[in-house]
Amino acid sequence: MKLAEALQERADINRNIEQLKNRLKNNVLVQEGERPAEEPEKLKRELDQAVERLAYLISCINRTNSQTKVEGRTLTELIARKDALALKIHVYKDTVYAGSQTSYRARNTEIKIKPAISVADWQSEIDKMAKELRLLDNRLQESNWKIDLIES
């Protein structure tokens, strides 16, 4: 199994677990004398199996990410860089947005508000980071389809 397939299965299992949780919630209480639409014990067994498979996949994915190197760095390091870069871009964008707000004055005697940063410079940095993020994500995606999952 390729790493990408394991990642897709993990996402599917997470969605399934969420659905099972909702189905359980909808079937644990019934009016006296009525039967639930689905048997909670059967749903519980399905949930237990899904959680067990999820734990196995997470373990294999983490092992693969920590042991596989791409361009001299582990996948774990690349993922950490990607997450950190995405966070930094988000904060920079919020800052640029705040610095881009114009404050209108009714009279020239009112206080003038102006940005304390160079919005253009910050935007230029955002653009460079966004390109790095795209390229990094492309490398990760490509690697995910080439790398075999390390199973225990």
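Contact annotation: the side chain of Arg81 approaches that of Leu85 to within less than 4.5 Å [non-hydrogen atoms, C-beta and beyond]. No side-chain heavy atom of Lys131 sits under 4.5 Å from any side-chain heavy atom of Asp127.
The structure places CD of Gln123 at 7.5 Å from OG of Ser100, a figure rounded to the nearest 0.5 Å. The CD1 atom of Ile61 sits 8.5 Å away from the CD atom of Glu9 when rounded to the nearest 0.5 Å. To the nearest 0.5 Å, atom CG of residue Leu133 and atom CE of residue Met129 are 9.5 Å apart. To the nearest 0.5 Å, atoms CD (Glu77) and OG1 (Thr74) are separated by 3.5 Å. In this structure, CG on Leu3 lies 9.0 Å from CD1 on Ile150, to the nearest 0.5 angstrom. Taken from CG in Leu20 to CG in Leu43, the straight-line distance is 6.5 Å, to the nearest 0.5 Å.
Among residue pairs with one or both ends in residues 61-74, those qualifying as salt bridge (charged side-chain N to carboxylate O under 4.0 Å, His left out) are Glu71-Arg139; sequence neighbours excluded. Applying the side-chain hydrogen bond (donor to acceptor under 3.5 Å, both in side chains) definition to pairs two or more places apart or across chains, those involving residues 142-152 are Lys2-Asp148, Tyr56-Glu151, Glu142-Lys146. Sorted by first and then second residue, the side-chain hydrogen bond (donor to acceptor under 3.5 Å, both in side chains) pairs with a member in residues 26-35 read Arg35-Glu39; sequence neighbours excluded.
Shortest non-hydrogen contact noted between Asn16 and Ala50 is ND2-CB, 4.2 Å. When all heavy atoms of Leu24 and Lys44 are compared, the pair lying nearest together is CD2-N, 4.2 Å.
Val51 and Ile13 fall within the same hydrophobic cluster, where Ile, Leu, Val, Met, Phe, Trp and Tyr residues are linked whenever their side-chain heavy atoms come under 4.5 Å apart, directly or through other members.
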Kindly indicate, with the supporting measurements, whether the criterion side chain to side chain contact (heavy atoms under 4.5 Å, CB included) is fulfilled by Lys88 and Val91.
CA-CA 5 Å; Lys88 189 174 176 182; Val91 173; 6.0 Å; no
Going through the distances and angles, do Arg45 and Glu41 end up as a side chain to side chain contact (heavy atoms under 4.5 Å, CB included)?
CA-CA 6 Å; Arg45 286 189 299 276; Glu41 289 301 319; 3.9 Å; yes
Take Ile89 and Lys93, measure what side chain to side chain contact (heavy atoms under 4.5 Å, CB included) needs, and give me the verdict at the end.
CA-CA 6 Å; Ile89 289 169; Lys93 281 183 176 181; 3.8 Å; yes
Pair Leu47, Lys21 - check side chain to side chain contact (heavy atoms under 4.5 Å, CB included), show working.
CA-CA 8 Å; Leu47 177 67; Lys21 180 185 98 171; 5.8 Å; no
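Panel note: side chain Thr64, backbone Cys60; a donor-acceptor pair is recorded below 3.5 Å. Of the possible polar contacts, one joining the Gln101 side chain to the Tyr97 backbone as a donor-acceptor pair under 3.5 Å is found.
With respect to Leu140, the side chain to side chain contact (heavy atoms under 4.5 Å, CB included) criterion is satisfied by exactly one of Asn65, Val70, Leu75, Leu135: Leu75.
Salt bridge status for Lys42 with Glu46: present, with a side-chain N to carboxylate O gap under 4.0 Å. Under the 4.0 Å criterion applied to side-chain N and carboxylate O atoms, Asp12 and Arg15 are assigned as salt-bridge partners.
Glu52 meets the side chain to side chain contact (heavy atoms under 4.5 Å, CB included) test with no other residue; sequence neighbours excluded. Residues satisfying the side chain to side chain contact (heavy atoms under 4.5 Å, CB included) criterion with Asp83, sequence neighbours excluded, are Ile79. Scanning for salt bridge (Lys or Arg N to Asp or Glu O under 4.0 Å) contacts around Glu5 gives an empty result, with sequence neighbours left out.
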